[in-house]
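Reviewing the structure listed below.
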Amino acid sequence: MQVIKYMFQPHGDDRGQLIALEELKDIPFHIKRVYYLYDTAKGVVRGKHAHRNLEQILVCIHGSCKVRLDNGEEKKVVLLEKPYEGLYVAGNMWREMFDFSEDAVLMVMASQLYDEEDYIRDYDRFLELAAKARR
Ligand code: TYD
């Protein structure tokens with residue numbers, strides 16, 4: 001499984017760092033939605049679903065967290081701990097976010113508006129669809 005991490009270029013000077021993200025330039029899709037998770041309680045696992053057609057970039061802009069990616073055949077854990085790195089996650093990928101540091105702010109940019117119909121929340125159903133997509 002290929003893990004796609006984007007390294008954003010900070011505009012740094014002696015005042016500090018600034019990162020600007022533009023759709024179709026730094027982010028490979030039109031950004032239709034941004035959401036972020038913060039104050040995540042200790043031990044919580046979020047996500048636990050896949051999407052049919054959604055593309056997302058996850059950036060832990062403060063603190064750290066881990067993301068488990070599972071394509072139905074293989075699993076990988078990615079640590080996000082830098083505000084300049086973005087993890088690209090497309091559809092047909094089961095994802096779980098966990099091990100949030102107390103100060104973690106996980107920002108997600110998404111290619112579509114929120115649509116419950118796009119969610120696959122049943123793991124066995126996900127495995128069936130992922131196997132079908134591989135055929
Ligand atoms: P949920 O899907 O449980 O988040 P996660 O997958 O990270 O565990 O979403 C929590 C709530 O927020 C749920 O009521 C749906 C709502 N929500 C929106 O309204 N818009 C969004 O873009 C997202 C991601 C969630």
Side-chain angles (χ1 to χ4, degrees):
M1 182 202 305
Q2 204 194 350
V3 171
I4 303 173
K5 249 191 190 180
Y6 285 77
M7 292 294 165
F8 306 124
Q9 186 61 53
H11 300 274
D13 58 30
D14 54 10
R15 297 170 298 171
Q17 304 296 331
L18 184 156
I19 288 182
L21 301 175
E22 295 189 8
E23 60 181 5
L24 303 186
K25 192 171 144 201
D26 311 282
I27 302 298
F29 48 78
H30 284 291
I31 301 165
K32 284 218 178 151
R33 174 167 55 110
V34 175
Y35 61 93
Y36 39 93
L37 310 176
Y38 62 98
D39 276 356
T40 305
K42 227 184 166 90
V44 160
V45 181
R46 298 208 62 141
K48 295 198 263 188
H49 61 253
H51 288 278
R52 294 170 203 278
N53 287 311
L54 191 67
E55 291 178 274
Q56 297 188 310
I57 294 229
L58 287 67
V59 185
C60 197
I61 52 175
H62 195 251
S64 65
C65 71
K66 289 179 185 154
V67 184
R68 183 176 297 108
L69 297 176
D70 174 353
N71 66 5
E73 275 195 322
E74 210 185 325
K75 295 178 190 178
K76 274 198 181 160
V77 172
V78 181
L79 173 67
L80 293 179
E81 57 175 351
K82 303 287 184 202
Y84 53 77
E85 60 186 18
L87 174 66
Y88 175 78
V89 185
N92 287 318
M93 186 74 81
W94 191 264
R95 77 284 310 268
E96 296 178 357
M97 290 81 85
F98 62 105
D99 263 6
F100 286 84
S101 63
E102 236 172 72
D103 57 352
V105 181
L106 178 64
M107 181 184 73
V108 183
M109 288 159 282
S111 63
Q112 300 296 334
L113 301 180
Y114 180 72
D115 175 12
E116 188 55 40
E117 293 295 298
D118 189 62
Y119 279 72
I120 304 158
R121 294 192 183 274
D122 181 82
Y123 188 66
D124 290 334
R125 177 78 184 127
F126 161 70
L127 290 178
E128 274 174 31
L129 290 171
K132 218 184 252 179
R134 276 196 299 275
R135 267 187 241 130

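Along the sequence shown, residues are numbered consecutively beginning with 1. When a ligand or atom number is given, it counts from 1 through the structure's own listing order.
The ring pair (Phe, Tyr, Trp, His ring centres under 6.0 Å) check on Phe126 picks up Trp94, Tyr123, with sequence neighbours excluded. Annotation: side chain to side chain donor-acceptor pair (under 3.5 Å) contacts of Tyr38 (sequence neighbours excluded): none.
Rounding to the nearest 0.5 Å gives a distance of 6.0 Å between CE of Met109 and CD1 of Ile57.
There is no path of hydrophobic side-chain contacts, each under 4.5 Å, that joins Phe100 to Val105.
Hydrophobic cluster of Phe98: the remaining members, joined at side-chain heavy-atom separations below 4.5 Å, are Val45, Val77, listed by chain and number.
Comment: Glu23 does not engage Lys32 in a salt bridge, judged by the lack of any side-chain N to carboxylate O separation of less than 4.0 angstrom.
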Could you check ligand 1 for N or O atoms lying under 3.5 Å from protein N or O atoms and list the pairs with distances?
unit_1	atom_1	unit_2	atom_2	d
ligand 1	2 (O)	Arg121	NH2	3.3
ligand 1	4 (O)	Arg46	NH2	3.2
ligand 1	6 (O)	His49	ND1	3.4
ligand 1	7 (O)	Arg46	NE	3.3
ligand 1	8 (O)	Arg46	NE	3.1
ligand 1	8 (O)	Arg46	NH2	3.3
ligand 1	8 (O)	Gly47	N	3.1
ligand 1	22 (O)	Arg33	NH1	2.4

